[in-house]
Asks: 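Can you read through this structure? Questions will come right after.
Atom set for the values below is all heavy atoms of this structure, side chains included, hydrogens, waters and symmetry mates excluded. So you know, we letter chains A, B, ... as the sequences are listed, proteins then strands, and number each from 1. Fair warning: this is a prediction, and the values are worked out from it, not measured in the lab.
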Amino acid sequence: MLAKLTKVTAIAAASMFVLTACTGTPSGTSSAPTGGQLPATTIKILAPNYGDTSKADWEKIIAEFNKKQPNVKVELQMEAWETFTDKVKARIQANDLPDILNDNAFASEATTGLLYPITEVMSDSTVKSIEPSLLKNGVGPDGTQWAAPDIASARMMTINTDIMSKAGVTAAPKTWAEMEAACAKIVATKVSCYGMPLGKEEAQVESSLWLWGAGGDWVKDGQLVANQPAAVEGFTEIKKLIDAKATQPDPGASNRQAVADAFNQGKVAMYVTHSGLMATTRKDFPKIKYTLSQIPSKDGSPVAFGVTDFILAFNNKDANRKEATKQFLDLFYSDAMYEGWYKGTGLLPVTTSMINAAKSTDADNKDFYDSLSYVKFNPVSDPKWDALKNALQGTAGTIQKDSPENVLKAVQEQLDAAS
Amino acid sequence: MSLPVAPGRARSRRRKEALAALPWLAPTLLLIAGVVIYPAYLMFWTAFQKYNSYGILQGPAGWSNFFGKGGAFTFPTVPWTSVWTNTVIWVVVVVIMTLALSLLLAQFLSKDFPGRKALRLLVLLPWACSVVLTTTVFRYGLQGDVGIFNRFLVDTGILNVPYGFTKDPTAAFWVAVFVAIYVSLPFTTYTILAGLQSVPNDILEAAHVDGANAVQRYWQVVFPMLRPAIAAATLINIINVFNSLPILTILNDNGGYHTGHTTTTLIFQFKAQLGPGVASALSIANFLFCLVVVAFYFWIVKPTKEVQ
Amino acid sequence: MATKGGVFRKPNPWTTAIVAVIVAVFFSFPYVVMVISSLKTRAEITQQPPDYLPTSPQWVNYLDVWGYQAVDPGQALLSSIVVALGATLLVLLVATPASYYVARYRFPGRMAFLLLVLITQMLQPTVLAIGLYVEFVQWKGYLVWLALILINAAFNLSFAVWIMQSFFASVPKEIDEAAMLDGLGRLQTMFKVSLPLVWPGIVTAIIFVFVNTWNEYAAAFVLRNDKLQTLPVAIPSFLGQYVKEWHFMFATAVVAMIPVIILFSMIEKRLIGGLTAGAVK
């Protein structure tokens, strides 16, 4: 803990220097900020809790921002992820639009014309500081950059090496066939092989992994399609694992945290994880030895799941708020501020400079950074994705008792009816 | 001359009386108008409006929220047979079981024995602790992995391996039935206890002298006198149980349109996934059901008779 | 009274004792589990399979829970108390004059009024939740408390009017008339003369409104706000997608249980009296 703290402080100090050197705008009060001081106004931020420090991390940036813009009041509202979408909906319905929203989707807001293109509220240099392959994820179907990623996360397979060697599995499985063979051996040691969260929180992630593993994609000819051959193939493989009792009990109603808990207790040999969950394992369950690996696919080509969350800016038709938003976001993405913020999320950074810095210093997450080169994303920019996501979350779990064809037919029907 | 005047006078007298009552009743009327009737109107209105997935109003929808492509009653994959059966089972089984157990319990608690007061207080616990808190204990206890009740069931040999009660929609539904009975017992028991107290002792003694045995005395003397208590408790239970949302949602770990829904939980599922319009459409069905219950109640109990 | 042996013969004391123990266990086991679980560490509560008892009771959970970030138990407790007290008070203020007047006077529209009250008794916030949501979604900040107070008061009003009017009706009219001859106004008569006589009815009404509001979930759920949410809505948020803080949740639950248990044990006796004269009559 102390070591980590020292490291953070050291990096923060170093990047403070970098910031001062590069942009020439020290964070002190000596030089007036660009555009001078704004008149009294309020900007509102709505953001989810990534971890215990999320609120404090935002407040740190707000305090820094207020040093430059003392007249701008920043209202911060933090919400738990579980109810976050409801909250966003409620704010929109109440016409209480946050100037800055940190969310995992942007398609619905973009199609209703409520947003500024994010490039209008970020200076060019800030936009350019974001890793292009990640930035792309915030482009809507109309080609407009509606959102900017603010954190990234990659998901890979983690495997308990003790269980692996006890079961006599020598290498992390890369293909489905290897995985089935490994699972047969692991299940024989009375431990669940694969933690599969197909419940209402994570089914949209888990389903995609197996679809991609079969070489498919949700988007076909510009349309979201659930009931397609690759999906059937993926779900057939899911069902194979469930029927072979290779998964934990009740995969159809499990979420990722439950699976992670089981992994930390040594009850599950492998599951698809992210850097935040592995940080908990290292810290609270040091006895668990693990290795990270690509997610198995049919032919062995590597699969990893990428997620970016986004910053969205709502159009409140107020020039001062817009300018304040812009200055806030420029500050937010500055290395000095962004570094502490992204570390508080336990996830991966999106700015090129931070990714490069982290690659060399953050050995624990090296595999995750490497996987960023082949991660695939769910089609979050498609306005119909919400309908597909809802359908998967509610229905994918029924694969436990139903055939892949029936499950995907039901998902497709819901997708068609809801969009 | 006098004939046409009399009704007019009567009318103005009646108006005066009604006006005199108004200040006393106005706050009640206002509250009911503002927070019961107006939202009911809003709900009907909402049912005929189209909303996008973020709940933003898109314009009139006609009947599409009811029977359209993504309408409440026509949305694909909703297992309606389960939903209707569950709703009926939920209300009927919970209300009847609660009543049966409460009759026994009240009979027992009306006896004189040491520690009766303490026991009566214990029986109040599920009523005093919020339904959500009680339900959450069951949710925790019945988890397949960390649940203490599961451990107990395995230790006592009732189960071979822990069972994820909350993971299977049907099992979760039946657990919810149990919990709903559990939390309804205190109120019902107390209402019947109150009823038992109003059974005069001399009637019982008279029955005793007549040579009636205990069972006969119960069914022929006590039970009929409990009727008002039973009617009141049953009515309140029907309404409470039918409208109960948290027990079913907290105990069920499944998402989507599973086989553990009642119409009430389905409304909230629709609200989250299809927006307020579709949810309102189904709410109206529930609302009409409540009105049917009211009508039945008036027909059977005739509650306005006694205040006439 | 059924106390002297009741309808049945005097039972075997052993049978009574055994039944009493079964009843006691049946009605307390979830709450015993709640207390025990609130004293476990996070590791103990997520242990698979679980142990029945914590190795050493973690009383510190009861301190730590107040600093827990994802849910604010203090705020939830405060919200629940404010809303429950507010609704109870409002109901008393509104229902007392109405029930008094209805019980004392015959006037045109009286039947219609009672019918309206009865019909609203059949409705609950759940069935109108979407409408309430549309009505109150704009109410932000502390107005959420006011909205919830109004909602809970409105939906519990009918029960209070109904039960209190039957109590007022049981007070002989002559008492009131004597008071009014002494020069008291109607309102004064109600407050000074009738009200003290119908105290059991009021207690019953208070309990009902308070407990129903304390438990109300649907309206509190659709109107919830990150800062102001009542306990029933806040409690499940301890079990998020990313965290499962069962021990903190149960610690909050135990704290929340205490005031209501105290309230109930204070009025247990009156409760039966109130129900006897009111709902059951």
Side-chain angles (χ1 to χ4, degrees), chain B residues 14 17-18 21 24-25 27-28 31-32 35-36 39-40 42-43 46 108 110-113 119 121-125 128-134 137 140 145-146 148 151 190-191 193-198 201 214 217-218 222 228-229 232 239 243 245-246 276 279-280 283 286-287 290 294 304, chain C residues 1-3 6-8 16 19-20 23-24 27-28 30-31 33-34 46 48-50 94 97-98 101 107-109 113-114 118-120 122-124 126-128 130-132 134-135 150-151 153-154 157 214-215 217-218 232 235-236 246 253 257 260-261 264-265 268 271-272 275-276 279-280:
Chain B
R14 287 167 60 81
E17 276 177 14
W24 298 74
L25 307 185
T28 300
L31 208 50
I32 290 178
V35 192
V36 180
L42 280 177
M43 197 175 79
T46 306
F108 179 69
S110 71
K111 291 175 187 181
D112 209 4
F113 57 87
L119 194 63
L121 270 176
L122 278 185
V123 170
L124 276 178
L125 272 176
C129 301
S130 122
V131 171
V132 168
L133 300 187
T134 309
V137 178
Y140 158 71
D145 43 10
V146 301
I148 208 94
R151 162 96 198 261
Y190 264 70
T191 310
L193 260 180
L196 280 176
Q197 299 219 340
S198 58
N201 232 12
R217 262 176 282 150
Y218 185 77
V222 180
I239 297 298
N243 285 304
L245 173 70
S280 292
S283 295
N286 260 19
F287 184 74
C290 282
V294 176
T304 47
Chain C
M1 267 297 294
T3 40
V7 240
F8 298 111
T16 308
V19 176
V23 171
F27 281 97
S28 56
Y31 311 103
V33 167
M34 192 186 268
T46 53
Q48 308 179 6
V94 170
Y101 201 86
F107 56 93
F113 176 77
L114 281 171
L118 261 180
I119 290 173
T120 56
M122 312 294 150
L123 300 175
Q124 285 206 343
T126 319
V127 77
L128 292 177
I130 311 293
L132 291 168
V134 176
E135 182 174 3
L150 288 173
I151 291 170
L157 195 55
W214 191 257
N215 278 330
Y217 181 77
I235 288 279
W246 294 103
M257 239 160 71
V260 192
I261 290 182
F264 263 91
S265 50
E268 193 263 347
L271 192 60
I272 291 188
L275 285 168
T276 312
V280 165

Asks: Could you look at B/Tyr140 and say if it's the side chain, the backbone, both or neither that has a heavy atom under 4.5 Å from chain C?
Replies: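 Interface part for B/Tyr140: both.
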Asks: Please determine, among C/Thr46, C/Ile119, C/Leu157, the option with the most heavy-atom pairs under 4.5 Å with chain B.
Replies: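 When all of C/Thr46, C/Ile119, C/Leu157 are compared, C/Leu157 has the most.
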Asks: Considering only heavy atoms and a distance below 4.5 Å, find which of B/Pro246, B/Pro27, B/Ala18 pairs most often with chain C.
Replies: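 Highest number of heavy-atom pairs under 4.5 Å: B/Pro246.
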Asks: Heavy-atom cut-off 4.5 Å, strictly under: side chain, backbone, both or neither for B/Leu124 against chain C?
Replies: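 Contact with chain C: side chain only.
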Asks: Checking C/Ile151 against chain B: side chain, backbone, both or neither under 4.5 Å from a heavy atom?
Replies: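 The answer is both parts of C/Ile151.
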Asks: Do you know the tightest heavy-atom contact between B/Pro39 and C/Glu135?
Replies: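 Answer, listing the atom of B/Pro39 first, then C/Glu135: CD-OE1, 3.2 Å.
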Asks: Taking all heavy atoms of B/Ser283 and all of C/Ile130, pick out the closest pair and write down the distance.
Replies: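 Looking at all heavy atoms of both residues, the shortest contact is OG-CG1, 3.6 Å.
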Asks: Any side-chain heavy atom of B/Val35 within less than 4.5 Å of one from C/Leu132?
Replies: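 With C-beta onward as the side chain, the pair touches.
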Asks: Treating B/Thr28 as the side-chain partner and C/Val94 as the backbone partner, does any N or O pair qualify as donor plus acceptor under 3.5 Å?
Replies: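 Flag set: sc B/Thr28 to bb C/Val94 pair under 3.5 Å.
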Asks: Taking C/Asn215 for the side chain and B/Val131 for the main chain, is one N or O donor matched with an acceptor at less than 3.5 Å?
Replies: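 Yes, because the side chain of C/Asn215 sits within donor-acceptor range (under 3.5 Å) of the backbone of B/Val131.
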Asks: Flag the pair B/Phe287 / C/Leu123 as yes when at least one side-chain heavy-atom distance between them is below 4.5 Å, and no otherwise.
Replies: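 Of all side-chain heavy-atom pairs linking C/Leu123 with B/Phe287, at least one is under 4.5 Å.
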Asks: Can you name the nearest heavy-atom pair linking C/Pro30 to B/Val137, along with the distance?
Replies: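 Shortest heavy-atom separation between C/Pro30 and B/Val137 comes out as O-CG1, 3.3 Å.
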Asks: If you compare all heavy atoms of C/Val127 against all heavy atoms of B/Met43, which two are closest, and at what distance to 0.1 Å?
Replies: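 The pair with the smallest heavy-atom distance is O-SD, 3.3 Å.
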Asks: Based on non-hydrogen pairs under 4.5 Å, which of C/Ala98, C/Ala154, C/Pro108 is most in contact with chain B?
Replies: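 The residue among C/Ala98, C/Ala154, C/Pro108 with the greatest pair count is C/Pro108.
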Asks: B/Arg151 and C/Pro49: which non-hydrogen atoms are nearest, and at how many Å?
Replies: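 Looking at all heavy atoms of both residues, the shortest contact is CD-CB, 4.4 Å.
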Asks: Picking from C/Tyr31, C/Phe113, C/Phe107, which has the most non-hydrogen pairs under 4.5 angstrom with chain B?
Replies: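 With the most close heavy-atom pairs to chain B, the winner is C/Tyr31.
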Asks: Hey, which of B/Thr46, B/Val123, B/Leu121, B/Asn286 has the most heavy atom pairs under 4.5 Å with chain C?
Replies: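 Result: the option with the highest number of such pairs is B/Val123.
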Asks: Measure B/Leu119 against the heavy atoms of chain C and call it side chain, backbone, both or neither at under 4.5 Å.
Replies: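 The side chain, not the backbone.
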Asks: Quick one: pull up CG in B/Leu133 and CE in C/Met34 and give me the separation to the nearest 0.5 Å.
Replies: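 Taking CG in B/Leu133 and CE in C/Met34, the distance rounds to 5.0 Å.
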Asks: Only pairs of heavy atoms separated by less than 4.5 Å count here; which of B/Leu245, B/Asn243, B/Leu122 has the most with chain C?
Replies: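 The candidate making the most pairs under 4.5 Å is B/Asn243.
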Asks: Of the backbone (N, CA, C, O) and the side chain (C-beta and beyond), which part of B/Phe108 lies under 4.5 Å from a heavy atom of chain C, both, or neither?
Replies: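 Only the side chain of B/Phe108 comes within 4.5 Å of chain C.
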Asks: What heavy-atom pair brings C/Pro97 and B/Trp24 nearest, and what distance separates the two atoms?
Replies: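 Smallest interatomic distance, heavy atoms only, reads O-CE3, 3.5 Å.
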